[in-house]
Protein chains: 2
Amino acid sequence: MKNVTIKTIAELTNLSLTTVSRVLNGTAEKYRISKSTQEMVLKAAGNLDYTPNQAAVNLRLKRSFSIGLVIPSLANPFFANVASIVSKSLREKGFSVILVECDEKVEVEVEAIGLLRSHNIEGVILIPSTKESNHLKILLNQNIPVVCIDRYYEDIAVSYVATDHYIGAFNITELLIKAGHKEIACLQGCENVISNNLRVKGYKDAMHKYNLKNTQVWGNSFTTENGYIETKLLLQRSQKVSAIFALSDTILLGALKAIEEEALRIPEDLSVVTSDNSPYLDFLSTPITSVSQPVNDISNIAIKLLMDKIDAKQKGEQVELEKVLLKPSLINRNSVITLH
Amino acid sequence: MKNVTIKTIAELTNLSLTTVSRVLNGTAEKYRISKSTQEMVLKAAGNLDYTPNQAAVNLRLKRSFSIGLVIPSLANPFFANVASIVSKSLREKGFSVILVECDEKVEVEVEAIGLLRSHNIEGVILIPSTKESNHLKILLNQNIPVVCIDRYYEDIAVSYVATDHYIGAFNITELLIKAGHKEIACLQGCENVISNNLRVKGYKDAMHKYNLKNTQVWGNSFTTENGYIETKLLLQRSQKVSAIFALSDTILLGALKAIEEEALRIPEDLSVVTSDNSPYLDFLSTPITSVSQPVNDISNIAIKLLMDKIDAKQKGEQVELEKVLLKPSLINRNSVITLH
DNA sequence: CTGAAAGCGCTAACAA
DNA sequence: TTGTTAGCGCTTTCAG
């Protein structure tokens with residue numbers, strides 16, 4: 001079965017390529033092509049299951065109607081959620097989505113940007129896997145719109161939409177302190193990542209504000225293993241903590257396992273708070289108090305910014321750099337005990 | 001800043017398009033192009049941040065090195081997991097991934113297939129959103145490889161890799177029955193979906209095997225709301241059940257909420273089992289016994305089948321229809337009480 | 001209202 | 001060892 005192109009249809013209908021093309025891409029009215037001709041073409045196209053060859057269109061028009069979606073990993077429910085909202089929205093707007101998962105690896109992200117440039121993508125939605133920003137400069141030079149989500153750069157002119165990680169961490173730490181906690185451990189994820197570092201800073205600043213010198217930050221990865229190991233070690237040290245702040249829900253699950261193994265009760269023996277507000281937090285043996293990010297807003301604003309940039313580029317206009325920080329909220333679930 | 005093409009580089013280096021092209025796509029050795037020439041080209045390409053235009057390559061070679069990934073929704077952790085494994089593996093094999101989320105809607109899936117054909121994709125990994133299979137026939141006619149995951153068709157020659165949903169449901173229901181349960185409710189998801197229907201059948205067949213006439217299947221969607229509402233209603237009926245089988249973890253979370261609101265204890269007042277074995281099941285107030293699907297195996301086998309098909313197509317060979325069913329396992333977590 | 005022809009960027013015969 | 005040229009499928013002047 002041969003490939004069906006406008007040529008096939010032109011031959012079949014005894015029309016020129018031009019006319020067929022015009023009917024098939026909706027400019028028939030503009031060129032005042034007769035109804036009968038239009039019907040002929042449309043019928044033939046329908047019978048033959050014709051689809052325009054995007055490669056050819058892309059080459060000719062220098063538009064791909066494709067957007068690159070670059071994320072660390074879909075295994076992380078927060079990112080998967082963002083990806084879900086973003087990809088649906090882009091589809092509705094007529095864009096295809098080319099997905100690349102970087103697995104938190106710089107090299108892969110660099111490669112991904114190259115791949116996407118090869119595909120002539122018209123824009124990129126990026127959740128960075130790295131602090132490194134050099135590979136993005138090429139996109140900026142080529143004037144390809146980029147919007148970062150959740151994680152971002154301060155050293156380079158890339159727009160972003162993110163939660164104010166700092167204030168979320170600050171607030172939840174303050175909540176612990178106000179409940180009387182003084183020995184609070186922070187279980188962090190990957191240190192190369194701005195969202196992590198801002199949260200750590202929020203934690204530390206809150207501690208300092210109340211003159212609590214004993215800040216302790218443990219761990220190095222957004223994984224359940226990391227949460228488990230660090231908590232295990234933490235609970236076996238002579239110096240005890242009264243509260244734990246997990247910087248992600250994956251870390252939290254590991255921590256919970258260790259806490260259970262040590263037969264400690266939450267919150268009676270240990271208070272615990274976390275960061276991603278996954279839906280299941282409500283149903284844990286003790287529901288866990290959490291920072292909550294406005295995923296929907298973040299995703300939708302990012303899409304809007306990207307679309308604006310693409311439109312502006314079409315019109316030859318210039319767009320400003322946009323930096324959007326959204327306030328997280330605190331979901332209180334009583335995994336924190338008041339000491340006094 | 002103008003577009004960099006092989007022409008730019010040819011002019012800059014005073015070489016022909018052909019030579020530049022050969023160096024840049026790795027056939028330099030084959031044509032015995034001198035080292036010095038190669039270096040010149042590579043250097044120029046590097047300086048100019050050259051990337052090959054995939055649209056042109058695609059058009060010329062009639063190969064896109066792109067695979068369509070069509071799934072109901074990334075918001076479902078099971079699908080997100082599959083998508084994650086699949087997309088990483090495809091990237092490593094040199095394929096780009098075009099992602100379409102169908103939101104369990106037939107129309108979107110039909111559109112998606114058209115879109116992917118437009119992009120000249122070389123294969124499709126599909127988790128169907130519908131029983132309808134007509135739109136896939138076009139792909140089959142065009143000899144485009146398709147592999148279904150998790151859900152599949154019996155009425156059409158499309159290869160698939162899935163868990164044996166029937167046996168998983170049968171076994172976990174039998175486990176309940178052997179523990180003495182006679183009134184077991186099944187909370188189902190979307191009725192258009194084979195995985196759901198096979199699970200329901202597994203449940204019913206197990207009930208019948210033990211002469212339990214009172215099969216009851218409630219609900220109609222893989223959502224937490226559905227789980228909540230149906231459980232709420234279930235618990236308020238005069239006729240009591242002693243066990244609930246949730247056909248997904250989203251449904252489970254809703255059920256747990258309702259159960260908690262009614263102040264029932266698991267498993268003392270009510271036994272509960274579920275289907276997706278999400279990582280957090282271990283940490284719920286009562287850890288919940290679950291069927292577990294071999295996500296990694298499913299995804300990797302599907303990729304292997306797809307790659308085989310693509311290779312075979314390149315070589316002009318024919319490939320057989322493959323139907324792979326993997327056995328699920330049972331993860332026992334003591335959310336089931338033994339009645340006697 | 002319809003058509004002819006050029007060209008987007010790349011590769012592969014065919015030549016040299 | 002390198003170059004010339006045709007053509008992939010489509011859109012868009014320009015020309016009727």
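Quick note: numbers below take in every heavy atom, side chains included, and nothing from hydrogens, waters or symmetry partners. These numbers come from a predicted model, not from an experiment. Letters A, B, ... are given to chains in the order of the sequence lines, protein chains preceding strands, and every chain is numbered from 1.
Atom C1' of nucleotide dC10(D) and atom CG of Asn53(B) are separated by 14 Å, given to the nearest angstrom. The CG atom of Leu61(B) sits 14 Å away from the C1' atom of dA13(C) (whole-angstrom rounding). Nucleotide dG9(C) holds its P atom 12 Å from the CD1 atom of Ile9(B), rounded to whole Å. If you take CG of Leu15(B) and P of dT11(C), they are 15 Å apart, rounded to a whole angstrom. As a whole-Å value, the separation of Gln54(A) CD from dG9(D) C1' is 11 Å. Regarding Leu24(A), its CG atom lies at a distance of 8 Å from the P atom of dC10(D), rounded to whole Å. Atoms CD (Glu11(A)) and P (dG9(D)) sit 11 Å apart, rounded to a whole Å. Rounded to whole Å, the distance from CZ on Arg117(B) to P on dG9(D) is 14 Å.
Looking at Ser21(B), its side chain has no donor and acceptor atom pair within 3.5 Å of the base of dA12(C). In this model, a side-chain donor or acceptor of Thr18(B) finds a partner on the base of dT4(D) within 3.5 Å. For Arg22(B) and dG3(D), a side-chain-to-base donor-acceptor distance below 3.5 Å is present, hydrogens and geometry of angles not being considered.
Between dT2(C), dT11(C), dC10(D), one nucleotide has an atom nearer to the side chain of Arg60(B) than all others, and that is dT11(C). Distance from the side chain of Val57(A) is smallest for dC10(D) among the nucleotides dG9(C), dC10(D), dT2(C). Distance from the side chain of Tyr31(A) is smallest for dT2(C) among the nucleotides dC10(C), dT2(C), dC10(D).
No side-chain donor from either of Glu109(A) and Thr130(A) sits under 3.5 Å from a side-chain acceptor of the other. In the model, Ser133(A) has a side-chain atom that pairs as donor or acceptor with a side-chain atom of Asp155(A) under 3.5 Å. With no hydrogens or angles considered, no side-chain donor-acceptor pair links Glu104(B) and Ser73(B) at under 3.5 Å. Using a 3.5 Å distance cut-off with no hydrogens or angles, the side chains of His119(A) and Ser96(B) do pair a donor with an acceptor.
OP1 or OP2 of dG3(D) lies within a sub-4.0 Å distance of a side-chain N or O belonging to Ser16(B). Under 4.0 angstrom from either OP1 or OP2 of dT2(C) there lies at least one side-chain N or O belonging to Ser34(A). The phosphate of dT1(D) has neither OP1 nor OP2 within less than 4.0 Å of any side-chain N or O from Thr37(B). Listed pair Tyr50(B) / dC10(C) meets the phosphate criterion, a side-chain N or O lying under 4.0 Å from OP1 or OP2.
If Lys62(B) and Ser36(B) are placed on DNA chain D by their nearest nucleotide, the residue sitting closer to the 5' end is Ser36(B). The nearest heavy atom of DNA chain D to Asn25(A) and to Asn14(B) marks one nucleotide each, and the one closer to the 5' end goes with Asn14(B).
Judged by distance alone, with hydrogens and angles left aside, the side-chain atoms of Asn25(B) form a donor-acceptor pair with the main-chain N or O of Ser21(B) at under 3.5 Å.
Note on Ile6(B): a base of the nucleic acid sits closer than 4.0 angstrom, heavy atoms only. Among the atoms of the strands shown, none is found under 4.0 Å from any heavy atom of Asn58(B).
Ring pair Tyr152(A)/Tyr160(A) is parallel by interplanar angle, where below 30° counts as parallel and above 60° as perpendicular.
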